[in-house]
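Below is one structure, written out as structure tokens, with a few remarks after it.
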Amino acid sequence: MIQIDLSHIQCFLPLPYEAALSPRLRIGHGRLQKGDGIGGEFTGWVHLPTDYDREEFSRIKKAAGKIQSDSQALVVIGIGGSYLGARGVIECLCSPNYNLKKKDTPNIYFVGNGLSSEQLSETMALLDGVDFSVNVISKSGTTTEPAVAFRFFRRLLEEKYGKDEAAKRIYATTDRERGALKALADENGYETFVVPDDIGGRYSVLTAVGLLPIAVAGIDIDELMSGAAAMQEACRADDMAANPAWQYAAARYELYRSGKRIEILAAYEPSFRFMAEWWKQLYGESEGKENKGLFPASVEFTADLHSMGQYIQQGERHIFETVVRFGASADENPVPFDPSDGDGLNFLAGKSMDYIAAQAMDGTLLAHVEGGVPNIILRAGRKNAFTLGEMIYFFEYACGLSGYLLDVNPFDQPGVEAYKKNMFALLGKPGYEELRSQLLAKLGR
């Protein structure tokens, strides 16, 4: 079970805060459990790990098996919450080099998360001569980036296999009843999975949105859900001492209240990079409203200690760190002995990489705290599906609580629509003519 070590923030928060925040956390906790707070219609994820659709879960595993048997690659088309969680879990558990490894599972390519022509062309070239399937993920089917990408890969499938056979290789994760993608899937006979109405995109990794790609990569999704269920049980406690999400939410809120404005998520595993990207969306979209909220950033240690480490140590003191520390690695990899000792590192010979990394973690922790940077430590188990399930639910629950502490709706994202309106207008979408004229004038066109 994830444990929260708050011993390295106490000197930055001289006044006790847990007792003062507990009544507010209890209210937020009750709202999450009952789904009756602001945005409560999007709290279906709260009970999901123990109350999910078993029939669909079984179909996800069956579809994953089919893709593994008939495809050398899976193209996952989605943006934001429709891909970050799945990519985070796959890279964390299977390696950032997953597609380069020798394995019995298909390569997985993530597209539709931007508008790069080069990325699109490169991915299509990688599929030349390769049997592949597509998982298109969109609640509406009209989000520009994935919808445009789907046009290209659907055409590629139909040119390769014909329309009928291509349809058997397209899996649509979308609304249960309505929307452009649902209509297209029904018309063409694509197998469909559901984006639940009561779960927003950034909270959806434990639904079909994330589970199908994760299962295709060969990850045990039963274990993933078991870990989430264990954390769900821990987060039922309405007590600061027993609930790790309460502890994290309270600590980061109090640090924010004391003047910290940036939270840096750090881990000593390069494979954690896209889990950090998922975390940044989760907290950025949930808290960044009404001129409030911590700015979520991330670093990869020890690599970034040789770049961002200088700023963290001696830059403006408006930051704190949340550091994820996993348990022991599967491989110890003791450092070899070198008879010449030209690099002077024989004092490390025989010591495992885990041991060396642990000393780097502790040394960094002490240096940063002494340099004025509070540190929250998340002590997790060994890096596996169960631990990732725990971590996903933990961060989601603490995020919901954090939004309620800030008195914002943690389940909407109204600011995201601003760029979309401008983009649609500049692209000449019908209905945006007046805005287009205004924007062109501002751009001097």
Side-chain angles (χ1 to χ4, degrees), residues 35 38-48 51-53 55-57 59-60 63 74-89 110-115 133-154 170-215 277-278 281-282 284-286 289 392 396 399-400 403 409-421 423-424 429:
I38 185 171
E41 65 272 25
F42 294 107
T43 53
W45 56 271
V46 172
H47 304 291
L48 179 70
D51 186 24
Y52 58 89
D53 185 335
E55 185 277 331
E56 181 174 72
F57 194 81
R59 285 198 302 112
I60 288 170
L74 173 67
V75 179
V76 179
I77 302 175
I79 195 168
S82 294
Y83 95 101
L84 281 171
R87 184 167 183 177
V89 172
F110 292 92
V111 300
N113 45 56
L115 293 168
S133 296
V134 167
N135 177 206
V136 55
I137 308 167
S138 176
K139 180 74 169 173
S140 65
T142 59
T143 303
T144 304
E145 294 90 338
V148 167
F150 184 45
R151 286 194 175 199
F152 283 94
F153 289 95
R154 183 179 62 179
I170 296 175
Y171 302 83
T173 307
T174 188
D175 191 89
R176 185 184 300 275
E177 297 178 349
R178 56 190 177 273
L181 181 55
K182 173 61 175 172
L184 188 65
D186 288 346
E187 178 184 345
N188 290 280
Y190 308 154
E191 182 166 5
T192 60
F193 299 96
V194 175
V195 180
D197 288 335
D198 57 357
I199 300 178
R202 58 188 178 274
Y203 292 85
S204 67
V205 62
L206 297 176
T207 71
V209 170
L211 292 179
L212 180 56
I214 290 169
E277 294 298 317
W278 168 79
Q281 186 205 3
L282 179 66
E285 275 197 347
S286 297
K289 293 152 195 171
I392 289 165
E396 288 178 347
C399 187
N409 182 347
F411 308 115
D412 67 355
Q413 53 280 340
V416 174
E417 300 306 314
Y419 97 89
K420 291 182 181 180
K421 291 178 182 177
M423 179 178 69
F424 290 153
K429 184 175 182 178

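Worth knowing before you read on, the calculation uses all heavy atoms, side chains too, and leaves out hydrogens, waters and symmetry mates.
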Distance, nearest 0.5 Å, that separates [atom1] of [X] from [atom2] of [Y]:
{"X": "Leu184", "Y": "Arg154", "atom1": "CG", "atom2": "CZ", "result": "5.0 Å"}
{"X": "Leu212", "Y": "Ile137", "atom1": "CG", "atom2": "CD1", "result": "7.5 Å"}
{"X": "Thr173", "Y": "Leu211", "atom1": "OG1", "atom2": "CG", "result": "10.0 Å"}
{"X": "Asn135", "Y": "Phe153", "atom1": "CG", "atom2": "CZ", "result": "13.0 Å"}
{"X": "Asp53", "Y": "Arg176", "atom1": "CG", "atom2": "CZ", "result": "6.5 Å"}
{"X": "Glu277", "Y": "Tyr83", "atom1": "CD", "atom2": "OH", "result": "7.0 Å"}

**Message:** As a quick check of understanding, evaluate side-chain contact (heavy atoms from CB on, under 4.5 Å) for Ile199 and Leu48, giving each step before the final call.
**Reply:** CA-CA 9 Å; Ile199 300 178; Leu48 179 70; 4.1 Å; yes

**Short side-chain to backbone donor-acceptor contact, Glu56 and Val194, under 3.5 Å** = yes

**Asked** Do any N or O atoms from the side chain of Thr174 and from the backbone of Lys139 form a donor-acceptor pair under 3.5 angstrom?
**Response** yes

**Request:** Any chance you could lay out the side-chain contact (heavy atoms from CB on, under 4.5 Å) test for Asp197 and Asp175, step after step, and finish with the verdict?
**Result:** CA-CA 7 Å; Asp197 288 335; Asp175 191 89; 3.3 Å; yes

**Request:** Measure the acute angle between the ring planes of Phe150 and Tyr190, then classify it against the limits of 30° and 60° as parallel, tilted or perpendicular.
**Result:** perpendicular

**Message:** Looking at Lys420, I want to see if its NZ is surrounded by more than 12 non-hydrogen atoms of other residues, nucleotides or ligands under 6.0 Å.
**Reply:**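 Enclosed: over 12 neighbouring heavy atoms sit under 6.0 Å from NZ of Lys420.
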
**Item:** Phe152 atom CZ, over 12 foreign heavy atoms within 6.0 Å
**Value:**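 Check fails, neighbour count at 12 or below.
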
Ignoring hydrogens, what is the shortest heavy-atom contact between [X] and [Y]? Give both atom names and the distance.
{"X": "Cys399", "Y": "Pro410", "answer": "O-CB, 4.2 Å"}
{"X": "Phe193", "Y": "Ala208", "answer": "CB-CB, 3.5 Å"}
{"X": "Glu191", "Y": "Ala63", "answer": "OE1-CB, 4.2 Å"}
{"X": "Thr207", "Y": "Ser204", "answer": "OG1-O, 2.6 Å"}
{"X": "Ile77", "Y": "Gly112", "answer": "CG2-CA, 4.2 Å"}
{"X": "Val111", "Y": "Ala149", "answer": "CG2-CB, 4.5 Å"}

Minimum side-chain heavy-atom gap [X]-[Y] below 4.5 Å:
{"X": "Thr144", "Y": "Phe424", "result": "yes"}
{"X": "Asp412", "Y": "Lys289", "result": "yes"}
{"X": "Lys182", "Y": "Thr192", "result": "yes"}
{"X": "Tyr203", "Y": "Leu282", "result": "yes"}
{"X": "Leu206", "Y": "Trp45", "result": "no"}
{"X": "Trp278", "Y": "Ile392", "result": "yes"}

**The single option from Arg202, Glu396, Gln413 passing side-chain hydrogen bond (donor to acceptor under 3.5 Å, both in side chains) against Ser286** =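 In the set Arg202, Glu396, Gln413, the residue that makes a side-chain hydrogen bond (donor to acceptor under 3.5 Å, both in side chains) with Ser286 is Arg202.
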
**Message:** Test ring-ring contact (aromatic ring centres under 6.0 Å, His included) on Tyr52 and Phe57; report intermediate values, then the result.
**Reply:** CA-CA 8 Å; Tyr52 58 89; Phe57 194 81; 5.0 Å; yes

